[in-house]
Amino acid sequence: MRAVRLTIVERRAPAPEHVELMVDAKDLAGRLVPGQFLHVAAGGTLRRPLSVSRVEGARLGMLFRVVGAGTAWLAERDVGETVDVMGPLGQGYPPPPPGPLALVGGGVGIPPLFFYAQRWPDAALSVLLGARDHDSLIMVDDFRGLGLRPGLCTDDGSRGKRGRVTGLLRDWFLEHPDGSVMACGPAPMLHEVARLTAAAGRPAWLGFEQRMGCGVGACLACVVPGAPGGDRVWYRVCTDGPVFARETLYGEGRP
Amino acid sequence: MRAVRLTIVERRAPAPEHVELMVDAKDLAGRLVPGQFLHVAAGGTLRRPLSVSRVEGARLGMLFRVVGAGTAWLAERDVGETVDVMGPLGQGYPPPPPGPLALVGGGVGIPPLFFYAQRWPDAALSVLLGARDHDSLIMVDDFRGLGLRPGLCTDDGSRGKRGRVTGLLRDWFLEHPDGSVMACGPAPMLHEVARLTAAAGRPAWLGFEQRMGCGVGACLACVVPGAPGGDRVWYRVCTDGPVFARETLYGEGRP
Amino acid sequence: MTPVADLTARVGEIVLPNPVLAASGTFGFGPEYQSFVEMSRLGGIAVKGVAVEPWPGNPPPRVWETPSGLLNSIGLQNPGVEAFIRDDLPFLRALGVVLVVNVIGHTVDEYRRVSERLARESGIAALEVNISCPNIKEGGMQFGHDPERAFEVVRAVVETAGRPVWVKLSPNTDRVLEVGEAARSAGAAALSAINTLVGMAIDLDLRRPALGGGSGGLSGPAIRPVGVRVVYEVSRRIGLPVVGMGGIETARDALEYLMAGASAVMVGTATFGRPDAMTRVIDELPDALRQYGFASVAEAVGAAHPRGRTLEGAPDEY
Amino acid sequence: MTPVADLTARVGEIVLPNPVLAASGTFGFGPEYQSFVEMSRLGGIAVKGVAVEPWPGNPPPRVWETPSGLLNSIGLQNPGVEAFIRDDLPFLRALGVVLVVNVIGHTVDEYRRVSERLARESGIAALEVNISCPNIKEGGMQFGHDPERAFEVVRAVVETAGRPVWVKLSPNTDRVLEVGEAARSAGAAALSAINTLVGMAIDLDLRRPALGGGSGGLSGPAIRPVGVRVVYEVSRRIGLPVVGMGGIETARDALEYLMAGASAVMVGTATFGRPDAMTRVIDELPDALRQYGFASVAEAVGAAHPRGRTLEGAPDEY
Ligand SMILES: Cc1cc2nc3c(=O)[nH]c(=O)nc-3n(C[C@H](O)[C@H](O)[C@H](O)COP(=O)(O)OP(=O)(O)OC[C@H]3O[C@@H](n4cnc5c(N)ncnc54)[C@H](O)[C@@H]3O)c2cc1C
Ligand SMILES: Cc1cc2nc3c(=O)[nH]c(=O)nc-3n(C[C@H](O)[C@H](O)[C@H](O)COP(=O)(O)OP(=O)(O)OC[C@H]3O[C@@H](n4cnc5c(N)ncnc54)[C@H](O)[C@@H]3O)c2cc1C
Ligand SMILES: Cc1cc2nc3c(=O)[nH]c(=O)nc-3n(C[C@H](O)[C@H](O)[C@H](O)COP(=O)(O)O)c2cc1C
Ligand SMILES: Cc1cc2nc3c(=O)[nH]c(=O)nc-3n(C[C@H](O)[C@H](O)[C@H](O)COP(=O)(O)O)c2cc1C
Ligand code: FES
Ligand code: FES
C-alpha cells in the first residue's frame with residue numbers, strides 16, 4: 001500500500017462517456033483483490049476512488065464514467081503520461097463460496113465484478129448487469145470474452161430487458177435457491193440486493209460507493225451506517241469496505 | 001477595445017526565462033500605440049498585463065519574463081493555441097518630440113520601447129538599456145536590427161557597463177542637454193529618471209507597472225500616487241497610464 | 001422549440017429582467033466595461049461604494065491573487081456623492097438598467113447624508129448599504145458585526161432614501177443572523193450577501209503583507225461555500241429577499257445561490273477574468289435551469305431549502 | 001556544502017525537530033497513513049478530536065470538493081477518551097513523535113473530564129482545545145465565539161491537564177482577538193489557528209445541501225488568506241506562540257505562515273491529495289528558507305511583522 005506514479009500504456013473508450021485507462025503496475029497488479037480500489041489524483045484537492053476493472057499481466061485497468069471535473073481530467077490523460085495512485089486500498093470480495101454465484105452489477109459498479117470474473121475463471125458464475133441505458137451497460141463483451149453470457153437489462157429498455165437488475169436477480173434465485181451474490185452498484189440497487197438475498201437466506205457481499213477524503217481510514221468521511229444494534233454506528237467504505245458482507249450493514253434479519 | 005482570442009503563430013525564447021509569443025492580430029495590430037498593453041488571461045483568477053513588444057504586419061508580440069504562475073502558464077502555450085486578450089489598453093507614449101530622444105529601458109520594461117523604436121524609425125533615438133544580469137538584458141539584437149546601437153549596462157557587470165541604466169542617462173544628458181526621455185522599467189529606476197530629467201529641465205514620459213484587477217479602470221486596484229498638491233491623489237496605471245508625463249506623478253518642480 | 005425558461009427575478013418590489021447584477025466595486029461606475037459587455041442585457045448594476053465626501057483609499061498594491069481567489073484592499077476609494085451625481089449618474093441613468101447605489105460612511109450621519117442627497121436624484125432603483133466597512137468613530141468596530149449599530153445605520157438610510165434599501169452583510173462575524181434581523185426590523189427591503197472575507201497574504205520577498213493596506217477582502221470562487229452558507233441561513237431565517245454573491249463564475253454557480261435561497265445574484269471578481277462573465281451566466285442560465293428541472297428563476301429560488309425543517313433541527317456542523 | 005538551515009521549532013516550552021505537524025482530524029489516530037508517510041520525520045501529530053464519550057458524527061456525505069477547497073461535515077465522530085487511550089495511544093506513544101491530543105466537548109465539564117483522564121497518561125506533549133465545535137448546552141452558541149465561555153473552558157482544561165494547553169481558534173467570528181486574549185488569561189500555552197470556515201454547497205441534482213450535516217467546514221488553499229490574516233493578528237496582539245494552519249501545501253505556504261507569525265504549522269487537507277505532503281514541506285523548507293534569506297525557522301517567525309508599528313495604526317481594510 002503506497003502512492004505510486006503509473007504509466008498509462010493504453011487508453012480505451014469502451015462506450016460514450018466512458019474511458020478505461022490501462023496502466024503499467026508490476027508491483028501492484030499481482031497483489032490486487034477484486035473489489036479493491038485505487039485512490040487516484042485527478043487534478044483537484046481530493047483524489048478519486050476507482051475500482052480496478054481488470055488485470056492483464058503487469059497491467060491493470062481503471063474503467064470510469066466521466067461525470068465531473070475529476071473524471072474529465074483523467075479522461076484527458078494520454079498514453080505515456082503517468083497517473084498518481086494510492087493502493088491497493090480497501091477490502092475486496094471473498095473467493096467464490098461453494099455453489100452458484102451471481103455477479104450483480106449496476107453501471108460503474110460493473111468493472112470490479114469483471115475483474116472478479118477474470119480472477120475466478122472456474123467459479124460457477126452467472127452475471128447480471130443493469131444500467132440506465134444502452135451506452136451505460138458496459139463490459140458486456142468483456143464478460144462474453146470470458147465465455148460468460150451476462151443477463152442484461154436497462155432502465156429504458158434500450159438494451160436487454162427493460163427494468164432493474166434486481167429483477168433479474170429475483171428470477172435467478174428461482175432457479176438457484178442455493179446461490180450467493182457479489183454485487184456492486186448504486187446504493188438503492190444494493191439495498192434491494194440485500195433485501196432479496198436476506199429473504200432468500202443466502203449470503204451476499206456488497207460493494208459500496210461513498211464520497212472520500214483520505215481513502216485510508218483517517219478522516220472518517222466515507223461512512224455508511226452499520227446495522228441497527230450492530231457493533232458499530234458507521235463503517236468506512238475505504239478501509240472497512242468498499243465490499244461488505246450483507247450482515248455488517250443490514251444485520252442478521254431481513255432488512 | 002475588446003476581448004479576443006488570438007492565435008499564437010510563433011513562440012520565441014529570446015533569453016533564458018524569457019518567452020516572446022507572436023500572435024495573429026489583424027484588427028489590433030494597426031491600432032496599437034507603443035506603451036499600450038494587453039490584459040492576458042493566464043490560467044488564474046486575474047489576467048496579466050503585458051506590453052506589446054513589436055508589430056510585424058498583422059502580428060504582434062508579447063515578450064515576458066517567467067516570474068510566477070501566470071507567466072509560467074503562458075510560457076507553456078504552443079503555436080496554434082490561442083490566447084485570450086483584452087486590448088489595446090491604456091495610454092501609450094507620445095510621438096517623438098523635436099530634438100534628441102533617449103529610450104531608457106530596464107528589464108521587462110524594454111519591450112514597449114523596442115516597439116516605439118520600431119514605430120518611429122526616423123526619430124533621433126538613443127537607446128539605453130539596463131538589467132540585473134546578462135540574461136535579463138533583452139532585445140539588444142532587435143534594436144541593432146533597426147540600426148540602433150544601444151548603450152548597455154547590468155547590475156553585475158556581466159554585460160555592458162556595471163551599474164544602473166540611469167548612470168548611462170546621466171552621461172547622455174551631458175551630450176544631449178536638449179534631449180527628451182521615454183522610459184520604462186521598475187519604479188526605482190523611473191523615480192531616478194524623473195529626478196534626472198527634472199534636474200535637466202527636460203520632458204520625460206514614464207511607463208509604470210502596478211498590480212491590476214480589471215485593466216479597464218473599474219476596480220481602482222492599479223493606482224500610483226499623483227504629484228503632491230496635484231489634481232488627483234491617485235492615477236490608474238491601466239487607463240490613465242501606463243505611460244505618464246513626468247509632471248503628472250512628480251509635479252512641476254524637481255522631485 | 002422548447003419553451004424558454006423565464007429569467008425574471010424579483011427582489012422585493014424590484015423586478016429584474018434576469019437575476020444577474022454586477023457586484024459593487026468590481027464594475028466601477030458603469031462606463032469602464034462598456035466596450036466589453038452588452039450593458040443593456042444585465043439584470044442590474046451595483047456601483048462602487050459612494051461616501052458623502054471623496055475617500056482616498058489605500059496605498060498600493062491593492063490586489064493580490066490567491067488560490068481560486070483575490071485579495072483586495074482598495075480602501076473604498078470614491079469621488080464622493082456630489083461628484084458621483086455629476087459625473088457618473090447621467091451615464092448610468094441613460095443605460096436604462098436597474099441601478100443600485102452602494103453607500104458607505106464612517107458614521108451613521110455620513111450614511112444618512114449620502115442617502116438624503118441621492119433621494120433627490122431619479123434613476124436609482126435601490127440603495128445597497130455597505131455595513132462591512134470600518135466604522136472609524138467606533139474604534140474600528142464594524143457596523144456589520146454589531147446588530148445595534150447595524151439597526152441605527154439602516155434606519156437612518158431607510159428614513160431618508162425614499163426607495164428600497166438593501167443591506168450588504170459581512171461574513172466575518174458569528175452574528176450574521178442577528179445583523180440581518182436588525183436590518184429587517186430597521187426597514188430594509190432586501191439583504192445582499194456576502195461581502196469579502198478578511199484575509200492577508202505575505203510578500204515573501206519584501207517580508208511584509210502583500211497588500212498596501214495590510215489585510216484585505218477575499219473574493220472569488222474560494223469563498224463561494226461561505227456565501228452559499230450565509231445566503232441559505234439568512235434567506236431561511238430572516239423574512240427578506242436575499243441577493244447572493246461570492247465566487248459566481250458560471251450559470252451553475254448562480255443556480256447554486258438561487259437554490260440556496262437567493263432571489264438574484266451578483267457577479268464580481270469573475271468579471272476581471274472574463275469581462276463577459278455576467279452575460280455568459282445569463283446566456284447559460286436557461287439551459288442550467290432546464291437541466292435541473294426548473295421552468296423559471298422563481299421556481300429555483302430556495303429549492304434547496306428543507307420543507308418545514310428549520311436550521312435549528314440540523315445536526316452539528318462538523 | 002551550504003550550511004543546512006536549522007528547522008528546529010519552538011512552541012512555548014515544546015521543542016519540535018521541524019515546524020510541520022499533522023492537523024487534527026486529517027491524520028486519524030496515527031496508523032492510518034503509516035505506509036504512506038515516514039511518521040518519524042514529522043514535527044508532530046495532532047490527532048482527531050477526542051471527547052469524554054464516543055460521538056457518532058454526522059450523516060454522509062461528509063466531504064465535498066469546492067474551488068481550491070474542501071467542505072467537511074464529519075461531526076467530530078470519535079471513539080471517546082477511554083477507547084482512545086486503550087486502542088490508539090500505545091501506537092502513538094511508540095512513534096516517539098510529538099503528540100498533541102485535540103479535545104472536544106459539549107460542556108465545560110466534558111472538556112475538563114477529557115483533560116483529567118488524559119492527565120494520567122504519559123507520552124502526550126500538549127492538549128489542543130478545540131473551541132470551535134458546537135456547544136449544544138448553550139443553544140448552539142460556540143465557545144470559540146464568546147470570550148467568556150472560552151475563558152471558562154480553557155481554564156478548566158489548564159487546571160487539569162498537567163501539560164501545555166493549546167487553544168484552537170475559530171475564524172468564524174469578529175472576536176478572534178478577544179477569544180485569544182481570553183485563552184491567554186486562562187493559562188493557554190499557545191494558540192492554534194485556524195479551524196475551518198463554516199460553508200455550504202448545494203447538490204443541484206438532489207436539491208438539498210450537499211453534505212449530510214447541512215453546512216460544513218471549509219479547508220484547503222482557498223482559506224489560506226484567512227488563516228494567514230488570523231495568525232498575523234493573533235501573533236502580534238496576544239503574547240502567545242501560534243501554530244498556524246489553513247491551506248498549507250508547500251514549503252512556501254508554510255513559510256508564509258511562519259513569516260506571518262506562526263511558530264509552527266499544521267498541514268491538513270493537503271495530505272488527502274498527497275499523503276507525503278508534510279514530508280515534502282519538510283524536505284523543501286531548507287531551500288525555501290535560504291531563498292528568502294533565513295538561516296533558520298526561528299529567524300523566519302514573524303519576519304513580516306512591522307517593526308514597532310501596531311495593527312491599530314494600519315489603514316482601513318479595503
Ligand atoms: C470504492 C469506489 C470505487 C469506485 N469505482 C468506480 C469505477 O470503477 N468506475 C467509475 O466510473 N466510478 C467509480 N466510482 C465512483 C467514482 O469515484 C466517481 O464517479 C468519481 O469520484 C467522480 O469524480 P468527478 O470529479 O468526476 O465527479 P464530481 O461529482 O465532480 O466529484 C466531486 C467529488 O465527489 C466525489 N464523488 C462523485 N461521485 C462519487 C461517487 N459515485 N462515489 C464516490 N465519490 C464520488 C468525487 O470523488 C469528488 O470528491 C467508485 C467509487 C468508490 C467509492
Ligand atoms: C502595463 C504593464 C505592462 C507590462 N509589460 C510587461 C512585459 O512586456 N513583459 C513582462 O515580462 N512583464 C510585463 N509586465 C509585468 C507583468 O505583468 C508581470 O510580470 C506578470 O503579471 C507576472 O505574472 P505571474 O503570474 O507570472 O507572477 P506572479 O507574481 O505569480 O503574479 C501574481 C499577481 O501579481 C501580478 N504581478 C506580478 N508582478 C507584477 C508586475 N511586475 N507588474 C504588475 N503586476 C504584477 C500578476 O499580474 C498577478 O496578478 C507589465 C506590467 C504592467 C502593469
Ligand atoms: C476590487 C473589489 C472592490 C470591491 N468594492 C466594494 C464596494 O465598494 N462596496 C461593496 O459593498 N463591496 C465591494 N466589493 C465586494 C463585492 O461587491 C462582492 O461582495 C465580493 O467581491 C464577492 O463577490 P465575488 O466573489 O463575485 O467578487 C469589492 C470587491 C472587489 C473584488
Ligand atoms: C476532514 C477534517 C476533519 C477535521 N477534524 C478536526 C478535529 O477533529 N478537530 C479540530 O480541531 N480540527 C479539525 N479539522 C480542522 C483541521 O485541523 C484544520 O484546522 C483545517 O482543516 C485547516 O487546515 P487545512 O486547510 O490544512 O486542512 C478537520 C479538518 C478536516 C478537513
Ligand atoms: S475516506 Fe477518509 S476514512 Fe474513508
Ligand atoms: S486595474 Fe482596475 S482600475 Fe486599473
(message) Any side-chain to backbone donor/acceptor pair from R117(C) onto E82(C)? Under 3.5 Å, distance only.
(response) no
(message) Do the side chains of D135(B) and R159(B) get close enough for a salt bridge, i.e. N-O under 4.0 angstrom?
(response) no
(request) Could you tell me which of G57(C), G69(C), G220(C) has the largest number of non-hydrogen atom pairs under 4.5 Å with chain B? (result) G69(C)
(message) Counting only non-hydrogen atoms closer than 4.5 Å, can you tell me which residues of residues 247-256 of chain C sit against chain B?
(response) none
(request) Answer yes when E110(C) and R113(C) have at least one side-chain N-carboxylate O distance shorter than 4.0 Å, and no when they do not. (result) no
(request) Under 4.5 Å, counting heavy-atom pairs only, tell me which of Q210(B), M86(B), R232(B) racks up the most with chain C. (result) M86(B)
(request) State whether a side-chain donor-acceptor pair under 3.5 Å links Y250(B) with H191(B). (result) yes
(message) Quick one about Q36(B) and R31(B) (side-chain donor to acceptor, distance below 3.5 Å, no hydrogens or angles considered), yes or no?
(response) no
(request) Flag the pair E65(C) and R47(B) as a salt bridge only when some basic side-chain nitrogen lies within less than 4.0 angstrom of an acidic carboxylate oxygen. (result) no
(request) Would you mind checking which part of T271(C) comes under 4.5 Å of any heavy atom in chain B, side chain (CB onward), backbone (N, CA, C, O), both or neither? (result) neither
(message) Any donor-acceptor pair under 3.5 Å linking the side-chain atoms of S132(C) with those of N130(C)?
(response) yes
